[in-house]
Amino acid sequence: MSNEMQHIPSHFIKNIINEDLKNGKNDSRVHTRFPPEPNGYLHIGHAKSICLNFGLASEYNGLCNLRFDDTNPIKEDVEYVESIQEDVRWLGFDWEDRLFYASDYFQQMYDYAEGLIEAGKAYVCDLTAEEIRRTRGTLTEPGTESPFRNRSVEENLDLFRRMKAGEFEEGSRVLRAKIDMASPNMNMRDPVLYRISFAAHHRTGTQWCIYPMYDYAHPLSDAYESITHSICTLEFEDHRPLYDWTLNALDYQPHPQQIEFARLNLTRTVMSKRLLRALVETGAVDGWDDPRMPTISGLRRRGYTPEAIRDFCDRIGVAKSNSVVDIALLEYCIREDLKLKVPRVMGVLNPLKVVITNYPEEGVEELRAENNPESPEMGHRPLQFSREIYIEREDFMEDPPKKFFRLAPGREVRLKYAYIIQCEAVIRDEATGEIVELHCTYDPDTRSGEDKSGKKVKGTLHWVSAEHGIPAEVRLYDHLYLDESETEGDEPVLNPDSRIKLSAMVEPCLQKTVAGEHFQFLRHGYFSVDPDSQEGRIVFNRIVSLRDTWAKIQKAEK
RNA sequence: UGGGAUAUAGCCAAGUCGGUAAGGCAGCGGACUUUGACUCCGUCAUGCGCAGGUUCGAGUCCUGCUAUCCCAGCCA
């Protein structure tokens with residue numbers, strides 16, 4: 001346990017919290033929240049935020065709320081609120097009884113807005129969206145004040161109430177904060193607080209036809225929930241003055257502190273909700289949970305574990321500099337998690353038949369295979385050996401290079417858990433010249449565990465008995481994109497090698513598996529059983545491959 | 001001179017009062033090995049975006065630059 005604590009790094013947010021605790025700020029409470037808008041599926045970038053917010057709460061004996069930031073009914077749907085809850089729970093976090101919705105606070109927020117109007121700090125503006133944009137100015141030029149900016153409190157109150165009552169058309173009026181049209185911060189140039197929308201909201205239905213904007217709703221939601229540290233991503237840095245303005249305008253207490261951190265980027269994939277949605281909607285992938293997707297549900301289906309994702313989030317750290325994390329770290333984390341806890345079995349992805357000519361025709365013997373040599377408590381399983389087996393096609397080379405120490409004509413090699421065999425003949429298809437079969441002999445004195453021959457061989461191969469093995473589909477994945485620059489405009493370009501389906505032969509012990517079960521296939525990597533599996537047709541997703549030194553040698557020589 | 005932020009190895013990242021650059025991933029070299037995996041050992045920044053300055057001493061302080069990211073939704 002203490003080992004695990006060691007690699008959890010400190011970061012600037014913890015420094016802020018430590019300082020606050022030292023000063024007795026917030027009655028020494030730590031209360032965070034994870035506030036997604038239910039407009040899509042969660043991805044690994046959200047996992048960083050979830051682990052951060054829930055993780056800080058648990059580390060400081062505080063609380064973390066789950067809050068849906070549902071202030072824009074046209075984008076949101078219950079499908080997403082359900083998937084988000086499932087994903088957060090699956091990651092291993094518990095919001096207990098603190099599941100909230102910004103829409104819970106619509107009345108409270110409305111009342112606060114009337115208070116703002118009464119204090120002369122907000123006004124109803126009749127400009128069109130286009131006019132508001134034009135009068136906002138530019139990055140280098142100040143904006144100009146709305147002609148409606150100095151309406152009386154009475155008129156503003158009347159108009160705002162009539163907005164709420166549905167008397168005005170969408171887009172005809174908004175409520176704006178009265179701040180400073182010349183502010184160098186664009187967000188402070190009389191930002192819109194409320195807009196009219198007659199869209200049905202997934203929770204409040206048609207009860208409301210005015211909806212608060214994020215910049216207004218977020219600080220209030222945080223304050224209503226007594227959040228102490230409101231953690232968001234870097235692009236909201238410019239919004240912090242508005243966050244503070246909203247609470248200060250009526251001197252609202254408590255006043256949570258907004259803290260920004262850099263969002264996660266991963267090499268060779270893309271996290272933009274827009275692009276992910278496009279992949280789903282164009283049918284380029286099978287859905288939000290396609291194993292190639294960086295969504296939580298995609299990673300789950302691929303076979304990633306919550307432990308691995310949490311470990312990853314601990315290892316990447318939290319800082320304010322924009323960065324791109326190498327996906328090799330994520331892959332390391334899942335290998336690390338599964339290494340000691342899943343069975344190691346044999347699967348031949350590209351089978352080549354081997355006939356052991358000196359083995360009895362009808363002979364079958366039962367061998368004993370360790371389920372995981374590094375976890376002896378996982379025990380053993382029986383393994384059938386017979387005269388005809390399959391080996392990996394790439395494990396035989398007719399004309400092998402120097403450093404190849406697998407099978408070749410005349411060479412000896414060990415079959416894992418079985419015997420040493422020697423290659424005697426190569427059988428070809430007469431028409432195509434393709435190698436269809438190998439004839440080998442075995443040495444009966446070399447049975448695994450009771451070797452009397454004293455032979456040493458350099459290579460050990462995995463294999464599957466032709467008679468006992470079972471066919472399975474194996475899906476190998478490459479990364480979603482090679483590079484973000486390979487996405488053309490709005491149309492995401494899927495890596496053509498992103499999924500390869502193979503017909504493999506696997507050990508008989510895999511006859512009965514359940515979706516989500518994990519295995520390590522020797523040499524090939526970590527796999528999970530896909531829910532697509534049916535009776536007699538198992539589908540394995542490769543989560544990640546193993547390190548392949550041989551491939552590296554080959555590459556280097558080329 | 002719009003404003004806001006960031007810059008420490010191939011990648012992420014720690015570095016709180018200035019005291020002589022953590023850790024992880026990747027890489028490289030070696031040992032071990034019934035899979036070339038795993039494991040173990042070794043190695044990997046005379047230097048912290050650049051240039052000056054203060055100081056016995058600077059990644060940390062000061063001055064001036066540079067590069068990159070974010071902001072002109074009635075999205076979040």
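Convention: sequence-line order gives letters A, B, ...; per-chain numbering from 1. Heavy atoms only: backbone and side chains are in, while hydrogens, waters and symmetry mates are out.
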Could you write out RNA chain B as a dot-bracket string, with dots for unpaired bases, | for bases paired across to another strand, and Watson-Crick or G-U pairs counted at under 3.5 Å?
.((((((..(((......[...))).(((((.......))))).....(((((..]....))))))))))).....
Do A:Arg195 and A:Tyr211 have side-chain heavy atoms sitting under 4.5 Å apart?
yes
Decide yes or no, distance alone: a donor-acceptor N/O pair under 3.5 angstrom between the base of B:G36 and the side-chain of A:Arg406.
yes
By nearest atom, which of the nucleotides B:A14, B:A37, B:U34 is closest to the A:Ser10 side chain?
B:A14
Where the side chain of A:Glu237 is concerned, which of B:G36, B:G4, B:U39 is the nearest nucleotide?
B:G4
Suppose we call two aromatic rings close when their centres sit under 6.0 Å apart. Are A:His218 and A:Tyr214 close by that rule?
yes
Find every protein N or O atom lying less than 3.5 Å from an N or O atom of nucleotides 27-33 of chain B, and list the pairs.
{"from": "B:G27", "atom 1": "OP1", "to": "A:Lys552", "atom 2": "NZ", "distance (Å)": "3.2"}

Taking only residues two or more places apart in sequence, or in another chain, which ones meet A:Arg162 in a side chain to side chain donor-acceptor pair (under 3.5 Å)?
A:Asp158, A:Glu167
Sequence neighbours excluded, which residues qualify as side chain to side chain donor-acceptor pair (under 3.5 Å) partners of A:Lys320?
A:Glu237
Whole Å only: how far is the CZ atom of A:Arg335 from the P atom of B:U39?
10 Å
Counting only heavy atoms and a strict 4.0 angstrom limit, can you tell me which residues of residues 451-464 of chain A come near RNA chain B?
A:Thr460, A:Leu461, A:His462
Set of ring-ring contact (aromatic ring centres under 6.0 Å, His included) partners for A:Phe540, sequence neighbours left out
A:Phe521
Would you tell me if any nitrogen or oxygen in the side chain of [X] comes within less than 4.0 Å of OP1 or OP2 on [N]?
X: A:Tyr417; N: B:U34; result: no
X: A:Ser183; N: B:G3; result: no
X: A:Lys416; N: B:U35; result: yes
X: A:Ser321; N: B:A13; result: yes

May I have all residue pairs that pass ring pair (Phe, Tyr, Trp, His ring centres under 6.0 Å) and include part of residues 312-337 of chain A, sequence neighbours excluded?
none
Using the side chain to side chain contact (heavy atoms under 4.5 Å, CB included) criterion, which residues pair with [X]? Sequence neighbours excluded.
X: A:Pro294; result: A:Ile44, A:Thr269, A:Met271, A:Leu276, A:Leu480
X: A:Asn265; result: A:Val324
X: A:Ser375; result: A:Leu340, A:Asn372, A:Glu377, A:Met378

May I ask you to say what A:Ile553 touches in the nucleic acid, namely base, sugar-phosphate or nothing, with a heavy-atom cut-off under 4.0 Å?
base
A:Arg414 pairs by side-chain hydrogen bond (donor to acceptor under 3.5 Å, both in side chains) with which of A:Thr446, A:Asp443, A:Asp451?
A:Asp451
Restricting to pairs with a member in residues 181-191 of chain A, which pass salt bridge (charged side-chain N to carboxylate O under 4.0 Å, His left out), not counting sequence neighbours?
A:Arg149-A:Asp190
Pick the nucleotide of RNA chain B nearest each of A:Glu374 and A:Arg240; which residue has the one closer to the 5' end?
A:Arg240
Could you run down nucleotides 67-76 of chain B 5' to 3' and tag each one B, S or - for protein heavy-atom contact under 4.0 Å?
--SBBBSBBB
